[in-house]
S.K.: 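Below are the structure tokens for one structure; questions will follow.
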Number of protein chains: 2
Amino acid sequence: MFQNQDTASLLKALGHPVRLQIARELISGEKCVGEVENMLSISQANTSQHLSILKINGIVDCVRKGNIKCYFLKEPGKIKRLLAVLEKAIQEKG
Amino acid sequence: MFQNQDTASLLKALGHPVRLQIARELISGEKCVGEVENMLSISQANTSQHLSILKINGIVDCVRKGNIKCYFLKEPGKIKRLLAVLEKAIQEKG
DNA sequence: TATTTATATAACAATATCATTATATCCTTA
DNA sequence: TAAGGATATAATGATATTGTTATATAAATA
């Protein structure tokens, strides 16, 4: 059972509609907290909390730029591939 | 984008170490409840509950064979691809 | 230095998930 | 049709997750 717990944690982190959507939005490039907040129409606090979970699980990282903080996918290629596989699976299911 | 909820549900279903391990074991072929139970060393009831969650989320299906019930991956190719992508992502992370 | 803007954290109530125990159901066979 | 094996379900308590509200921190600027 190699890295089973790590893999499960990664899946779990992405297994929430808000966090999955954030990951999707970040494919097109880094976004600051306020942008994510507006795109998903959720509260500032909740946005920050979900971003924190994504960061803890190694999915995103962030960099401060003066007053704001920009979040970005740590490994965009991998996330892109993962989402592509998933989309295909889901589409063919319906 | 509207498959977002479905995709998140799929990820969530696989985002538990026991269920992820079950999915992995089923790659090599169908297994009955008792076999899964023994392989993972968890209780019968818990095994059944996790299998039920996997089934509800369209990841596995089952067929009764007399006294026993065999569970199998509904779309082995897709699960295999998904896990392959994940494994690669995890391995390169460490 | 005081104010403003952007983000993070704490506290909390509501709900969900989890594993366990006990019991029920389904199928086979005697 | 009764008994036994295999699986499912119900009930439950413990823990985790979620979103909200309120507050704190950090950086820019007045």
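Remember, predicted model here, so these are calculated numbers, not experimental data. Every chain is numbered from 1, with letters handed out A, B, ... down the list of sequences.
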S.K.: To the nearest Å, give me how far apart CG (B:Asn46) and P (D:dA10) are.
M.R.: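 It is 16 Å, rounded to the nearest whole Å.
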S.K.: Write down the distance between NZ (B:Lys12) and C1' (D:dT17), rounded to a whole number of angstrom.
M.R.: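 One finds 8 Å between C1' of D:dT17 and NZ of B:Lys12, rounded.
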S.K.: In whole Å, I'd like the distance from the CG atom of A:Asn67 to the C1' atom of D:dT29.
M.R.: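 A:Asn67 atom CG is separated from D:dT29 atom C1' by 10 Å.
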S.K.: Taking the nucleotide of DNA chain D with the closest heavy atom to each, which residue, A:His16 or A:Gly66, is nearer the 5' end?
M.R.: A:His16
S.K.: Which of the following nucleotides, C:dA8, D:dT7, C:dC18, is nearest to the side chain of B:Ile53?
M.R.: C:dC18
S.K.: Pick the closest DNA chain D nucleotide for A:Ile42 and for A:Arg64 by heavy atoms, then say which residue is nearer the 5' end.
M.R.: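 Result: A:Ile42.
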S.K.: For the atom pair CD (A:Gln49) and CD1 (A:Ile42), what is the distance rounded to the nearest 0.5 Å?
M.R.: 9.0 Å
S.K.: Any heavy-atom pair between the side chains of A:Leu82 and A:Leu14 that's under 4.5 Å?
M.R.: yes
S.K.: Between P on D:dT17 and CG on A:Leu54, what's the gap in Å once rounded to a whole number?
M.R.: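 Atom CG in A:Leu54 sits about 14 Å away from atom P in D:dT17.
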S.K.: Taking the side chain of A:Ile68 as heavy atoms from C-beta outward, which of C:dT7, C:dA22, D:dT21 is closest to it?
M.R.: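 Minimum distance to the A:Ile68 side chain belongs to C:dT7.
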S.K.: In whole angstroms, how far is the P atom of C:dT7 from the NE2 atom of A:His50?
M.R.: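 Spelled out: NE2 on A:His50 to P on C:dT7 is 17 Å.
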S.K.: Check whether the side chain of B:Gln49 and the base of C:dT17 form a donor-acceptor pair under 3.5 Å.
M.R.: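 By the distance-only test, no, there is no pair.
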S.K.: Check each of A:Glu30, A:Lys31, A:Arg24 against A:Ser28 using the side-chain contact (heavy atoms from CB on, under 4.5 Å) test, and report the only one that passes.
M.R.: A:Lys31
S.K.: Atom CG of B:Leu51 and atom P of C:dC18: how far apart are they, to the nearest Å?
M.R.: 14 Å
S.K.: Is the phosphate of C:dA6, meaning OP1 or OP2, less than 4.0 Å from a side-chain N or O of A:Tyr71?
M.R.: no
S.K.: For C:dT20, does the base pair up with any side-chain atom of B:Gln44 as donor and acceptor (N or O, under 3.5 Å, distance only)?
M.R.: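 No, the side chain and the base share no sub-3.5 Å donor-acceptor pair.
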S.K.: Is there a donor in the side chain of A:Gln5 and an acceptor in the side chain of A:Ser9, or the other way round, less than 3.5 Å apart?
M.R.: yes
S.K.: With DNA chain C as reference, determine whether B:Ala45 or B:Gly15 sits nearer its 5' end, using the nearest nucleotide of each.
M.R.: B:Gly15
S.K.: What is the distance, rounded to the nearest whole Å, between atom CG of A:Asn38 and atom C1' of C:dT5?
M.R.: 14 Å
S.K.: NZ of B:Lys65 versus P of C:dC27: gap in Å, rounded?
M.R.: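 Atom-to-atom, B:Lys65 to C:dC27, this comes out as 16 Å.
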S.K.: Heavy atoms only, 4.0 Å cut-off, all strands: where does A:Lys55 land among base, sugar-phosphate and nothing?
M.R.: nothing
S.K.: Where the side chain of B:Lys69 is concerned, which of D:dA8, C:dT7, C:dC18 is the nearest nucleotide?
M.R.: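 Of D:dA8, C:dT7, C:dC18, D:dA8 is nearest to the side chain of B:Lys69.
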S.K.: Might you work through the side-chain contact (heavy atoms from CB on, under 4.5 Å) test for B:Glu37 and B:Ser43, ending with a clear yes or no?
M.R.: CA-CA 6 Å; B:Glu37 181 186 340; B:Ser43 74; over 6 Å; no
